[in-house]
Amino acid sequence: MVMVGIGVYARLLKHAEAAMACLAVDPALLLIGVGILMFLITFCGCIGSLRENICLLQTFSICLTLVFLLQLAVGIVGFIFSDKARGKVSEIISNAIEHYRDDLDLQNLIDFGQKEFSCCGGISYKDWSQNMYFNCSSENRSQERCSVPYSCCLHDEHEAVINTLCGQGMQELDYLEAGEFIHTNGCIDKLVNWLHSNLFLLGGVALGLAIPQLVGILLSQILINQIRDQIKLQSYNQQHKTDPWY
């Protein structure tokens with residue numbers, strides 16, 4: 001319900017055009033959809049166990065199994081087709097760069113990523129030419145022409161005030177010259193290196209997501225079998241006109 005609420009709030013508060021331009025799915029709609037799906041699945045499990053309803057419990061178990069298999073399939077496909085996944089990530093980052101100034105949340109997300117991974121652009125800092133405000137064409141009259149965002153800059157830890165104009169004209173410099181002022185490496189390679197160095201962490205997260213699902217499937221099946229045994233026992237007692245409590 002919290003996820004649905006956040007999704008509805010984001011949908012009403014913001015225009016989705018910028019998000020849809022660089023992402024396959026509007027994040028607000030994704031939150032709403034996932035929230036509703038989670039609510040329906042857990043509702044079936046909760047009411048099914050309280051009312052000992054086999055139909056709802058079977059629905060809960062089947063849905064959890066499908067979700068688990070879907071997650072497993074996505075992980076396997078992503079591992080096997082890692083090159084295609086990398087190309088898709090590159091495409092998403094390029095689209096995000098193009099719409100950097102169109103959405104404040106997108107802008108903050110890109111700045112956070114570039115600061116966190118100490119990178120700039122997708123493949124290199126030159127990728128910022130794809131943005132209409134930062135490109136180096138002679139037709140561009142923007143004050144940010146041939147620049148990069150401040151999040152690309154090398155910041156001094158003791159710097160009290162961040163210079164947001166530190167990326168001015170950096171695309172006109174070559175790698176060595178620009179490297180004295182900004183991060184020149186792209187975020188895609190940095191992200192891939194981070195994933196490779198944190199495989200155990202990612203595996204632990206995946207296991208942490210899988211175990212509750214598997215436990216939920218197991219417990220629901222145990223409860224279903226107990227209910228069926230109870231129904232069979234009641235049916236047997238009625239046929240033989242005996243009361244098991246006496």
Side-chain angles (χ1 to χ4, degrees), residues 1-14 16 19-20 23-86 88-89 92 109 191-192 194-246:
M1 293 299 292
V2 170
M3 290 181 68
V4 172
I6 294 172
V8 171
Y9 174 76
R11 184 70 180 174
L12 294 176
L13 191 68
K14 295 172 53 61
M20 291 294 289
L23 298 174
V25 181
D26 181 9
L29 291 178
L30 187 63
L31 275 176
I32 294 171
V34 172
I36 292 174
L37 181 63
M38 287 176 61
F39 178 81
L40 291 175
I41 293 175
T42 51
F43 179 83
C44 288
C46 181
I47 302 301
S49 59
L50 286 174
R51 304 299 300 172
E52 295 187 349
N53 188 301
I54 292 178
C55 180
L56 289 177
L57 286 171
Q58 285 283 31
T59 303
F60 173 74
S61 179
I62 291 170
C63 288
L64 270 188
T65 303
L66 291 175
V67 169
F68 174 76
L69 292 176
L70 181 62
Q71 292 173 343
L72 187 65
V74 168
I76 293 173
V77 169
F79 180 78
I80 295 175
F81 300 100
S82 57
D83 291 337
K84 289 186 177 180
R86 181 190 176 100
K88 185 62 178 177
V89 171
I92 291 173
L109 179 63
L191 179 61
V192 170
W194 183 87
L195 291 174
H196 286 163
S197 59
N198 290 275
L199 285 176
F200 287 109
L201 174 63
L202 295 173
V205 171
L207 192 62
L209 291 172
I211 288 177
Q213 294 174 0
L214 293 174
V215 170
I217 295 168
L218 178 63
L219 291 178
S220 62
Q221 289 299 321
I222 290 174
L223 183 55
I224 289 170
N225 290 331
Q226 288 178 344
I227 295 170
R228 284 175 173 165
D229 290 342
Q230 187 179 14
I231 292 172
K232 290 179 181 178
L233 179 61
Q234 289 176 351
S235 177
Y236 176 83
N237 289 334
Q238 287 177 357
Q239 289 176 359
H240 293 77
K241 295 181 180 180
T242 58
D243 189 352
W245 301 104
Y246 292 93

>> Would you compute the distance between atom CD1 of I36 and atom CE of M1 and round it to the nearest 0.5 angstrom?
In response: 9.0 Å

>> Here's a test for you: under side chain to side chain contact (heavy atoms under 4.5 Å, CB included), which of V215, L214, L209 qualifies with I211?
In response: V215

> Residues in side-chain hydrogen bond (donor to acceptor under 3.5 Å, both in side chains) with Q71, at least two apart?
Replying inline: Q213

>> Once rounded to the nearest 0.5 Å, what's the spacing between atom CG of L66 and atom CZ of F68?
In response: 12.0 Å

> For M38, does the CE atom have more than 12 heavy-atom neighbours from other residues, nucleotides or ligands under 6.0 Å away?
Replying inline: no

> By side chain to side chain contact (heavy atoms under 4.5 Å, CB included), which residues pair with L223, not counting sequence neighbours?
Replying inline: S49, L57, Q226, I227

>> Working to the nearest 0.5 angstrom, can you tell me the gap between T59 OG1 and F43 CZ?
In response: 11.5 Å

>> To the nearest 0.5 Å, what is the distance between CD on E52 and CD1 on I47?
In response: 13.0 Å

> Would V192 and V89 count as a side-chain contact (heavy atoms from CB on, under 4.5 Å) if you check the C-alpha gap in whole Å, the side-chain angles of each, and the deciding distance to 0.1 Å?
Replying inline: CA-CA 10 Å; V192 170; V89 171; over 6 Å; no

> Of the non-hydrogen atoms in S61 and Q221, which two are nearest, and what is the gap between them?
Replying inline: OG-NE2, 2.8 Å

>> Which heavy atom of G216 sits nearest to which heavy atom of F60, and what is that distance?
In response: O-CE2, 3.8 Å

>> Among residues at least two apart in sequence or on other chains, which ones pass salt bridge (charged side-chain N to carboxylate O under 4.0 Å, His left out) with R86?
In response: D189

> How long is the gap from CD1 on I217 to CG on L64, to the nearest 0.5 Å?
Replying inline: 5.0 Å

> Got a donor-acceptor contact below 3.5 angstrom from the N53 side chain to the L56 backbone?
Replying inline: yes

>> Rounded to the nearest 0.5 Å, what separates atom OG1 in T42 from atom CG in L37?
In response: 9.0 Å

